[in-house]
Amino acid sequence: MARPARILAFSGSARRESLNRRFLAAAVEATRAAGCEVTVADLNELVLPLYHGDLEDSGGMPPNAVRLVGLIASHDGLLIASPEYNSMPTPLLKNTLDWCSRAEPNPFEGKVAAVLSASPGPFGGVRSLQLAQQLLLKLGCHVVPGQCVLPQAAQAFDAQGLLTSTRAKESVKALAGRLAETARRIAG
């Protein structure tokens with residue numbers, strides 16, 4: 001029997017009470033239920049300086065970027081929560097991907113990636129999600145199609161932090177299933 005696909009999950013939000021971290025937690029559980037091994041990385045524990053080419057030239061990649069690259073390389077796929085700030089992915093997410101993209105070889109090449117987004121507004125972070133998907137495609141990932149978004153996310157969780165909407169749960173389960181299936185096919 002083939003080994004389970006290994007997925008690295010992280011959120012582009014560092015806030016303790018982040019809606020995207022909560023939404024990611026639901027997706028992590030659904031991805032595990034779909035048969036994958038999931039590692040959750042907390043970007044609060046992998047702090048990176050703002051990407052700057054001169055900084056890279058003078059000191060190389062920061063140790064936390066090297067750690068992240070190692071995590072990405074050791075997994076078959078990525079599960080990323082992409083919060084939306086001003087209709088764009090967060091600076092934290094973009095900076096993290098920028099630093100990791102500087103590694104040789106490219107750790108993203110051939111990885112499967114699924115993106116989800118939650119927002120307190122009516123669009124659920126769909127603009128950020130689409131831009132994050134485009135960036136991951138450019139970096140060489142096979143992006144799982146679909147839009148797993150959570151509008152009105154501030155009202156979407158119960159007191160234990162669990163999703164209350166059946167529709168949202170089904171969307172997360174579908175994304176997790178597509179991620180697991182694609183990762184298994186690519187990992188062989």
If we ignore hydrogens and angles and just use 3.5 Å, is the side chain of [X] paired with the main-chain N or O of [Y] as donor and acceptor?
X	Y	answer
Asn64	Leu48	no
Asn106	Ser101	no
Arg32	Val38	yes

How long is the straight-line distance from [atom2] of [Y] back to [atom1] of [X], given to the nearest 0.5 Å?
X	Y	atom1	atom2	answer
Ser117	Glu84	OG	CD	6.0 Å
Glu37	Asp76	CD	CG	9.0 Å
Ser82	Leu93	OG	CG	5.0 Å
Asn86	Ser128	CG	OG	11.0 Å
Leu71	Thr39	CG	OG1	7.0 Å
Leu150	Leu116	CG	CG	9.0 Å

What heavy-atom pair brings [X] and [Y] nearest, and what distance separates the two atoms?
X	Y	answer
Ala153	Leu19	O-CD2, 3.6 Å
Met61	Ala65	CE-CB, 3.6 Å
Leu24	Phe10	CD2-C, 3.5 Å
Thr90	Pro83	CG2-CB, 3.5 Å
Leu43	Ser11	CD1-O, 3.3 Å
Ala176	Ala27	CB-O, 4.4 Å

Are [X] and [Y] in one and the same hydrophobic cluster, where Ile, Leu, Val, Met, Phe, Trp and Tyr link if side-chain heavy atoms are under 4.5 Å apart?
X	Y	value
Phe23	Val40	yes
Phe123	Leu129	yes
Ile80	Val149	yes
Val115	Leu78	yes
Ile7	Leu175	yes

Heavy-atom side-chain contact between Pro49 and Leu55 under 4.5 Å: yes

Evaluation steps, side-chain contact (heavy atoms from CB on, under 4.5 Å), between Val172 and Cys148: CA-CA 6 Å; Val172 167; Cys148 186; 3.9 Å; yes

Ring pair (Phe, Tyr, Trp, His ring centres under 6.0 Å) pairs, two or more places apart, involving residues 44-77: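 Passing the test, one end in residues 44-77: Tyr51-Trp99.
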
Pairs meeting criterion side chain to side chain donor-acceptor pair (under 3.5 Å) with involvement of residues 151-167, two or more places apart: none

Residues Glu181, Arg178: salt bridge by 4.0 Å N-O rule: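 No.
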
What pairs of donor and acceptor atoms, side-chain ones from residues 130-147 against any protein atom, are under 3.5 angstrom apart with sequence neighbours left out?
{"residue": "Gln133", "atom": "NE2", "partner": "Gly146", "partner atom": "O", "Å": "3.0"}

Asp42/Arg21 under side-chain contact (heavy atoms from CB on, under 4.5 Å): CA gap, chis, key distance, verdict: CA-CA 10 Å; Asp42 183 347; Arg21 288 169 65 128; 3.4 Å; yes

Step-by-step side-chain contact (heavy atoms from CB on, under 4.5 Å) determination, Ile72 to Cys100: CA-CA 9 Å; Ile72 293 166; Cys100 292; 3.9 Å; yes

